[in-house]
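Right, one structure below, let's go through it.
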Amino acid sequence: MKNNPLFNKNIISIKDLSKDELELILHTAECIKNAKSPVDFLKGKVLSSLFFEPSTRTRLSFETAMYRLFGNVIGFADSKNTSFSKGESLSDSIKVISSYSDVIVLRHPSEGSAKLASEVAHVPVINAGDGANEHPTQTLLDLFTIKECQGKIDDLKIAFVGDLKNGRTVHSLAKAAAHYNIRMYFVAPESLMLPDSICHMLKKNGVKYSFHKSVDEVLPKLDILYMTRVQKERFDNEKDYENTKKACCINKASLKEAKDNLKIMHPLPRVYEIDPDVDETKHAYYFEQSANGVFVRKALLALLLKKDLFEEEIFQETLNTKELLTTMENHL
C-alpha cells in the first residue's frame with residue numbers, strides 16, 4: 001500500500017485541498033465509520049485543543065475523535081485562564097504549545113490566525129474557524145454527509161440560506177463545492193448575501209448560481225437545503241440583528257413542496273431558522289450531520305499524524321483506497 005499523501009499537512013483553508021485530497025479524506029472517514037472494531041491509530045499522540053471562541057460540536061468532536069483513536073488531549077475552551085490574558089502573543093504561544101503536542105486545533109476570532117499559527121508551529125495546525133473567514137473541517141463533514149444521504153455529490157442542487165456574509169461554513173463549503181458539478185442557490189437578505197470574492201471565485205470556476213430572497217422560490221428544485229443562523233456575535237448593532245434574525249426561516253408546513261429526497265442540513269447551533277417541528281420530518285438530517293463530525297475528524301487526525309495509515313487492515317479491505325492513492329500519485 002502506498003504512503004499517506006496528507007501526512008504532516010496543515011489544514012488552514014479548504015482551497016488548499018485538491019479534489020483528490022477531498023475524496024481521500026471522505027473515503028478514509030467512510031472506512032473508519034464502517035470499521036467493525038475500535039482503531040488505535042494515534043496511541044501516544046497528543047492534540048492541543050485551543051479554542052478562543054465558544055464551541056460545542058467542533059471542540060468536543062475533535063476531542064472525542066482523538067480519544068477514540070487512543071490519543072490524548074490538552075488545551076482550553078476559555079483563553080481567559082491562560083497567558084493570553086497577560087498579553088502573550090498568539091505567535092509565541094503557538095511556538096510553545098507545539099512543543100507539547102503532535103497537532104494543534106485552533107479556533108480564533110481573527111481572520112488569518114490559523115495561517116499565522118501554521119507558520120510558526122512545529123506540528124500540523126488545523127483551522128477550526130478563524131473569524132468569519134473559513135471553517136474547513138466543517139466543510140469536510142458537510143461533504144461527507146451530502147454523499148452519505150444522497151449517494152453522490154455531483155449533479156445536485158443545493159441552497160445556502162441565512163447569514164451568507166458572515167457564515168464561514170458557507171464560505172468554505174461553496175469553495176469546496178466548486179470542485180463538483182453542483183447548482184447553487186443563495187438565499188439571504190441583501191445585507192447578509194455572499195461576499196463578492198466568493199462569487200467571483202465561483203464564476204471563475206464555471207459554477208452556476210443565483211441569488212434569492214425566499215426559500216420558497218427554489219425549494220421544489222432542491223436536493224440539499226443548507227440552513228445557517230444569523231450570527232449575533234458578528235453584529236455591532238443590536239437593532240440590526242433583531243431586524244434580520246428571522247429573515248430566512250422554515251417549518252414543517254413550509255416544506256410541502258419539497259422533493260422526497262430533500263435533506264436539510266445545518267452546522268448548528270440553530271436559533272430561529274429551523275422550527276423544532278421539522279425534526280420529525282424525513283427531510284431533517286442535521287443531527288446525523290453533526291454526528292458525522294467525529295468520523296471525519298478521526299479521519300483527518302489519522303491522515304495528518306500517521307504516515308503508514310493505509311497499511312492498516314481496514315483500508316486493505318477495500319480497493320477504493322488503492323485506486324484513490326494511485327490517482328493522486330499520477331496527478332503529482
Side-chain angles (χ1 to χ4, degrees), residues 4 6-14 16-17 25 28-29 32 38-131 133-141 168-169 172 267 290 293-307 309:
N4 166 18
L6 290 176
F7 175 68
N8 218 30
K9 185 179 178 75
N10 294 307
I11 306 296
I12 306 304
S13 170
I14 202 69
D16 297 333
L17 294 169
I25 294 168
T28 303
I32 288 175
V39 289
D40 58 356
F41 296 156
L42 300 184
K43 188 179 293 185
K45 299 291 186 181
V46 176
L47 177 152
S48 284
S49 177
L50 312 182
F51 279 74
F52 291 79
E53 283 190 318
S55 173
T56 301
R57 282 150 295 277
T58 302
R59 181 174 67 85
L60 294 181
S61 63
F62 260 118
E63 295 179 8
T64 299
M66 193 63 176
Y67 284 129
R68 288 186 176 171
L69 292 172
F70 290 72
N72 298 291
V73 177
I74 61 173
F76 56 82
D78 186 351
S79 62
K80 293 178 182 177
N81 298 323
T82 73
S83 291
F84 294 105
S85 63
K86 302 176 183 178
E88 184 173 39
S89 69
L90 177 64
S91 179
D92 281 358
S93 297
I94 294 297
K95 287 178 183 177
V96 171
I97 293 169
S98 67
S99 69
Y100 301 157
S101 55
D102 300 286
V103 61
I104 292 172
V105 175
L106 174 68
R107 170 168 290 186
H108 196 280
S110 299
E111 295 184 17
S113 53
K115 187 175 189 305
L116 171 65
S118 71
E119 291 170 350
V120 299
H122 311 302
V123 298
V125 173
I126 300 174
N127 182 5
D130 58 336
N133 186 30
E134 284 204 50
H135 194 349
T137 68
Q138 177 69 43
T139 295
L140 294 171
L141 78 89
R168 58 193 173 200
T169 62
S172 289
S290 181
V294 172
F295 302 110
V296 171
R297 289 171 174 129
K298 284 171 74 173
L300 193 58
L301 290 170
L303 283 160
L304 300 189
L305 296 180
K306 190 170 176 61
K307 188 174 184 178
L309 177 65

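Note that the numbering runs from 1 along the sequence shown for the chain.
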Report task. Check whether any side-chain N or O of Asp130 sits under 3.5 Å from a backbone N or O of Ser110 as a donor-acceptor pair, and report yes or no. Result -> no
Query raised in the report: To the nearest 0.5 Å, what is the distance between CG (Leu69) and CG (Leu42)?
Result: 4.5 Å
Query - Exam field: side chain Thr64 to backbone Val294, donor-acceptor pair closer than 3.5 Å - result: no
**Report entry** Side chain proximity check, Val296 to Ile32, heavy atoms < 4.5 angstrom
**Finding:** no
Query - Thr58 and His135, any side-chain heavy atoms less than 4.5 Å apart - result: yes
Query raised in the report: Of the non-hydrogen atoms in Thr139 and Thr169, which two are nearest, and what is the gap between them?
Result: OG1-O, 4.1 Å
Query raised in the report: Going by atom types only, do Ser61 and Arg297 share a side-chain donor-acceptor pair under 3.5 Å?
Result: yes
**Report entry** Residue pair Leu50 / Ile94, side-chain heavy-atom distance below 4.5 Å
**Finding:** yes
Report task. Examine distances only and state if a side-chain atom of Arg107 and a backbone atom of Asn127 form a donor-acceptor pair shorter than 3.5 Å. Result -> no
Report task. Show the numbers, then the answer: is there a side chain to side chain donor-acceptor pair (under 3.5 Å) between Glu134 and Ser172? Result -> CA-CA 5 Å; Glu134 284 204 50; Ser172 289; 3.0 Å; yes
Query raised in the report: Under 3.5 Å, side chain of Asn72 to main-chain N/O of Val46, donor-acceptor pair present?
Result: no
Query - Lys306 backbone acceptor or donor facing Asn4 side chain under 3.5 Å - result: yes
**Report entry** side chain to side chain contact (heavy atoms under 4.5 Å, CB included) evaluation trace for Phe41 with Leu309
**Finding:** CA-CA 8 Å; Phe41 296 156; Leu309 177 65; 3.6 Å; yes
Query raised in the report: Do Val103 and Lys45 pass the side chain to side chain contact (heavy atoms under 4.5 Å, CB included) test, and can you show the C-alpha distance, the side-chain angles, and the key distance before you say yes or no?
Result: CA-CA 8 Å; Val103 61; Lys45 299 291 186 181; over 6 Å; no
Query raised in the report: What closest approach, in Å, do Ala128 and Val105 show between heavy atoms, and which atom pair accounts for it?
Result: CB-CG1, 3.7 Å
Report task. Check Pro124 against Lys9 and note the closest heavy-atom contact, atom names and distance. Result -> CB-O, 3.5 Å
Report task. Kindly indicate whether the side chain of Val73, heavy atoms from C-beta on, has any atom under 4.5 Å from the side chain of Tyr67. Result -> yes
Query - Check: Asn8 and Val123 side chains under 4.5 Å, non-hydrogen atoms - result: no
Requested in this report: Measure the acute angle between the ring planes of Phe52 and Phe76, then classify it against the limits of 30° and 60° as parallel, tilted or perpendicular.
Outcome: perpendicular
Query raised in the report: Do you know the tightest heavy-atom contact between Phe295 and Ala29?
Result: O-CB, 3.9 Å
Query - Distance-minimising heavy-atom pair for Leu304 and Phe7 - result: O-CD1, 3.5 Å
Requested in this report: Not counting sequence neighbours, which residues clear side chain to side chain donor-acceptor pair (under 3.5 Å) with Ser101? List them please.
Outcome: Ser48
Report task. May I ask you to say whether Glu63 pairs ionically with Lys298, meaning some side-chain N is under 4.0 Å from a carboxylate O? Result -> no
Query - Least distance between heavy atoms, Gly44 atom then Asp102 atom - result: O-OD2, 4.2 Å
Query raised in the report: So among Ser93, Ser89, Ser91, which one has a side chain to side chain contact (heavy atoms under 4.5 Å, CB included) with Val120?
Result: Ser91
Query raised in the report: Given the rule in the side chain to side chain contact (heavy atoms under 4.5 Å, CB included) test, do Ile14 and Leu140 qualify, once you have shown the distances and angles that lead to the verdict?
Result: CA-CA 8 Å; Ile14 202 69; Leu140 294 171; 4.1 Å; yes
Query raised in the report: So do the side chains of Thr137 and Leu300 get within less than 4.5 Å of each other, counting heavy atoms only?
Result: yes
**Report entry** Derivation of the side chain to side chain contact (heavy atoms under 4.5 Å, CB included) call for Ile74 and Leu47
**Finding:** CA-CA 6 Å; Ile74 61 173; Leu47 177 152; over 6 Å; no
Report task. Would you indicate whether the side-chain heavy atoms of Leu301 and Ile126 approach each other to under 4.5 Å? Result -> yes
